[in-house]
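Notes follow the structure.
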Amino acid sequence: MRSQQDWEHGRVPSGLAAAQDDIAWAEHLVIFFPLWLGGMTALLKGFLEQVARPGFAFKGESSNPFRHKALAGRSARVVVTMGMPALVYRYWFRAHSVKALERNILGFVGIAPVHETLIGSIGQMDEAGAARWLGKLRELGRRAD
């Protein structure tokens, strides 16, 4: 997108209309991404900009175009992988990019609660560690938590 006008009135790319349908249907969303230069990847950010448009993700009236959070009633889990230890990201960097995603995008359109899972030091993770994380993620998926 190149302008506010495009975001507010432009067409959703045809390949992403199905993603909007899936999001509209879902009760729980799971977003996986690698921490990249301190934040979500540009591809994920672009995807969210395209699908979370006015008229779909929020609706309003002339006096307040953001009044109705159209994706309310859905919960989400954000899973972030990273090269640094997750505790460093959480406590030193205060998980700033995940908090921004939760507040400025997901919360803005009504998705709550949003839970996070931070998986750190993936470059040093062995098969046993990866298997433990996969087990944890499967259990979270079973609970939709």
Side-chain angles (χ1 to χ4, degrees), residues 1-4 6-8 10-60 64-145:
M1 277 187 248
R2 299 186 186 270
S3 68
Q4 181 176 346
D6 187 26
W7 184 63
E8 290 176 348
R11 298 180 127 202
V12 173
S14 60
L16 296 180
Q20 282 186 326
D21 291 342
D22 290 341
I23 292 167
W25 170 85
E27 294 176 8
H28 184 75
L29 304 174
V30 180
I31 301 171
F32 283 82
F33 65 92
L35 190 67
W36 198 255
L37 295 174
M40 73 179 88
T41 63
L43 187 61
L44 176 58
K45 179 78 162 60
F47 170 81
L48 293 171
E49 287 174 353
Q50 291 290 346
V51 299
R53 289 178 182 235
F56 172 73
F58 54 92
K59 299 173 182 167
N64 184 354
F66 310 113
R67 183 177 183 140
H68 177 66
K69 297 178 179 196
L71 298 180
R74 290 159 186 79
S75 59
R77 174 157 303 270
V78 176
V79 180
V80 184
T81 60
M82 62 196 71
M84 75 175 82
L87 288 174
V88 170
Y89 178 67
R90 182 179 301 282
Y91 295 110
W92 180 259
F93 293 103
R94 319 251 316 132
H96 66 283
S97 60
V98 173
K99 298 298 180 200
L101 170 62
E102 292 172 358
R103 179 188 60 241
N104 301 345
I105 299 173
L106 301 177
F108 183 74
V109 299
I111 298 172
V114 178
H115 300 285
E116 61 191 48
T117 300
L118 305 177
I119 305 174
S121 302
I122 62 164
Q124 294 79 37
M125 191 176 296
D126 60 13
E127 275 189 51
R132 279 192 300 277
W133 271 110
L134 285 173
K136 290 177 186 178
L137 293 170
R138 275 190 199 98
E139 181 57 30
L140 290 170
R142 275 193 275 283
R143 296 189 329 235
D145 183 25

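This structure is a prediction, so every number in the text was calculated from the model and none was measured.
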Verdict with supporting geometry, E139 and K136, salt bridge (charged side-chain N to carboxylate O under 4.0 Å, His left out)
CA-CA 5 Å; E139 181 57 30; K136 290 177 186 178; over 6 Å; no

Check whether [X] reaches the backbone of [Y] with its side chain - one donor and one acceptor, N or O, closer than 3.5 Å.
X	Y	answer
R74	A24	yes
R94	K99	no
R77	G141	no
W7	E49	yes

When rounded to the nearest 0.5 angstrom, what is the spacing between [atom1] in [X] and [atom2] in [Y]?
X	Y	atom1	atom2	value
R138	L140	CZ	CG	12.0 Å
Q50	K45	CD	NZ	11.0 Å
I111	E102	CD1	CD	11.5 Å
S75	L106	OG	CG	10.5 Å

Where is the tightest heavy-atom contact between [X] and [Y], given as atom of each residue plus distance?
X	Y	result
K69	G107	NZ-O, 3.3 Å
R53	D6	NH1-O, 3.0 Å
H115	P113	NE2-CG, 3.8 Å
A70	F56	CB-O, 3.1 Å
F33	I31	CD2-CG2, 4.0 Å
A19	V51	CB-CG1, 4.2 Å

Check the orientation of Y89 and H96. Use parallel for under 30°, tilted for 30 to 60°, and perpendicular for over 60°.
tilted

Within a strict 4.5 Å, meaning less than it, do heavy atoms of the [X] and [Y] side chains meet?
X	Y	result
W92	M84	no
M40	V78	no
L101	L48	yes
W133	T81	no
L137	V30	no
E116	V80	no
L71	L29	no

Atom CG of L134: over 12 foreign heavy atoms under 6.0 Å:
yes

